[in-house]
Amino acid sequence: MRRWLAVIAMVSGLALAACQQGPRPVADIGGPFTLVDTEGRPVTDRDLLGRPSAVFFGFTYCPEVCPTTLGALTAAMQALGPDADRLNVVFISVDPKRDTPEQLKLYLSSFDPRIRAFTGTPETVAQAASAYRIYYRKVPVEGGAYTMDHTSTLLLFDRDGGFVEPVSYGESVAVVTDRLRRLIARD
């Protein structure tokens, strides 16, 4: 019993010390990138500054996660109405081989027109994914085709590019709308 009390005292002391150190540091997520938009124009991380941003990495051949997430973003943006104009909402491809600017433009035509999409070379996409702490990899499937395994989290940033919070895949439209509304209110 004394041993357990000693463990509890130690854990309590660590928790107290952590509280006395002040607020937790913000995660180092986000950073420089140079990609292209659906018109083939260069875009950088600097183009997102000045407005809060919601950034999602995925690919247009994704069977579930990407269309579900972009559908939830579309519904949330519609619920926000004109306030959604105060956001950058960006879809960044992790499949630059297939996701050309033209393919991205076609794919986004099914979602809210305020959602922008970026792609690039394999190297520039890898740099962006690394800066945003996004995991992705090519996964071969039957017949010589492939799919992409990737992080399915929506990332929210303030107007200065500082990471605010993640939104997990599968959250309801109400939760996504609330998180976007809170992000806008921070501005």
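Between atom CZ of residue R181 and atom CG of residue L183 there is a gap of 12.0 Å, rounded to the nearest 0.5 Å. Interatomic distance, S93 OG to Q103 CD, rounded to the nearest 0.5 Å: 9.0 Å. Of the inter-residue distances, the one linking F56 atom CZ with C66 atom SG reads 4.0 Å to the nearest 0.5 angstrom. Atom CD of residue E123 and atom OG1 of residue T121 lie 4.5 Å apart, to the nearest 0.5 angstrom. For the atom pair CG (L156) and OG (S53), the distance works out to 9.5 Å, reported to the nearest 0.5 Å. Put simply, NZ on K105 and CD on E39 are 3.5 Å apart, with the number rounded to the nearest 0.5 Å.
Between the side chain of R159 and the backbone N or O of R51 there is no donor-acceptor pair closer than 3.5 Å. Between the R186 side chain and the F157 main chain, no donor and acceptor come within less than 3.5 Å of each other. Judged purely by atom type and a 3.5 angstrom limit, D160 has no side-chain atom pairing as donor or acceptor with the backbone of G162.
Atom CZ of R98 has more than 12 heavy atoms from other residues, nucleotides or ligands within 6.0 Å.
The shortest heavy-atom contact between P42 and D47 is O-OD2, 4.3 Å. Heavy-atom minimum distance, L108 versus A117: CD1-CB, 3.3 Å. Scanning all heavy atoms of the two residues, the minimum distance from T177 to A79 falls at CG2-CB, 4.0 Å. When every heavy atom of T100 is checked against every heavy atom of T119, the shortest pair comes out as C-CG2, 4.3 Å. The two residues A128 and L35 have their closest heavy-atom pair at CB-CD1, 4.1 Å. Counting all heavy atoms, side chain and backbone alike, C62 lies closest to P67 at O-CD, 3.5 Å.
R133 has its side chain out of reach of T153: every pair of non-hydrogen atoms, C-beta onward, lies at least 4.5 Å apart. The shortest distance between side-chain heavy atoms of F118 and L104 does not fall below 4.5 Å. By the 4.5 Å heavy-atom criterion applied to side chains, I115 and M77 are counted as neighbours. Taking the side chain as every heavy atom from C-beta outward, L154 and E171 never approach each other to under 4.5 Å.
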Side chain to side chain contact (heavy atoms under 4.5 Å, CB included) between R137 and Y146, intermediate numbers included | CA-CA 10 Å; R137 75 178 177 94; Y146 68 92; over 6 Å; no
Apply the test side chain to side chain contact (heavy atoms under 4.5 Å, CB included) to residues I134 and L155: give CA-CA distance (whole Å), side-chain angles for both, the deciding distance (0.1 Å), then the verdict.
-> CA-CA 10 Å; I134 298 298; L155 304 172; 4.0 Å; yes
Please report the C-alpha distance between D112 and L73 in whole Å, then the side-chain angles of each, then the deciding distance to 0.1 Å, and finally whether the side chain to side chain contact (heavy atoms under 4.5 Å, CB included) criterion is met.
-> CA-CA 8 Å; D112 190 287; L73 277 167; over 6 Å; no
Apply the test side chain to side chain contact (heavy atoms under 4.5 Å, CB included) to residues F59 and K97: give CA-CA distance (whole Å), side-chain angles for both, the deciding distance (0.1 Å), then the verdict.
-> CA-CA 10 Å; F59 66 114; K97 179 179 178 183; over 6 Å; no
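Taken together through direct or relayed side-chain contacts under 4.5 Å among Ile, Leu, Val, Met, Phe, Trp and Tyr, L180 and V173 form parts of separate hydrophobic clusters. Criterion: ILVMFWY side-chain heavy atoms under 4.5 Å apart, direct or through other members. Under it, L70 and Y169 are part of a common hydrophobic cluster.
For the pair D95 and K138, the salt-bridge criterion is not met [side-chain N within less than 4.0 Å of a carboxylate O].
With sequence neighbours excluded, the residues that form a ring pair (Phe, Tyr, Trp, His ring centres under 6.0 Å) with Y107 are F91, F111.
Screening V125, T151, D149 for a side chain to side chain contact (heavy atoms under 4.5 Å, CB included) involving Y136 leaves a single residue, V125.
Residue pairs meeting the side-chain hydrogen bond (donor to acceptor under 3.5 Å, both in side chains) criterion with at least one member in residues 69-85, sequence neighbours excluded, are D85-R114.
In summary, the aromatic rings of F57 and Y132 are positioned with their centroids under 6.0 Å apart.
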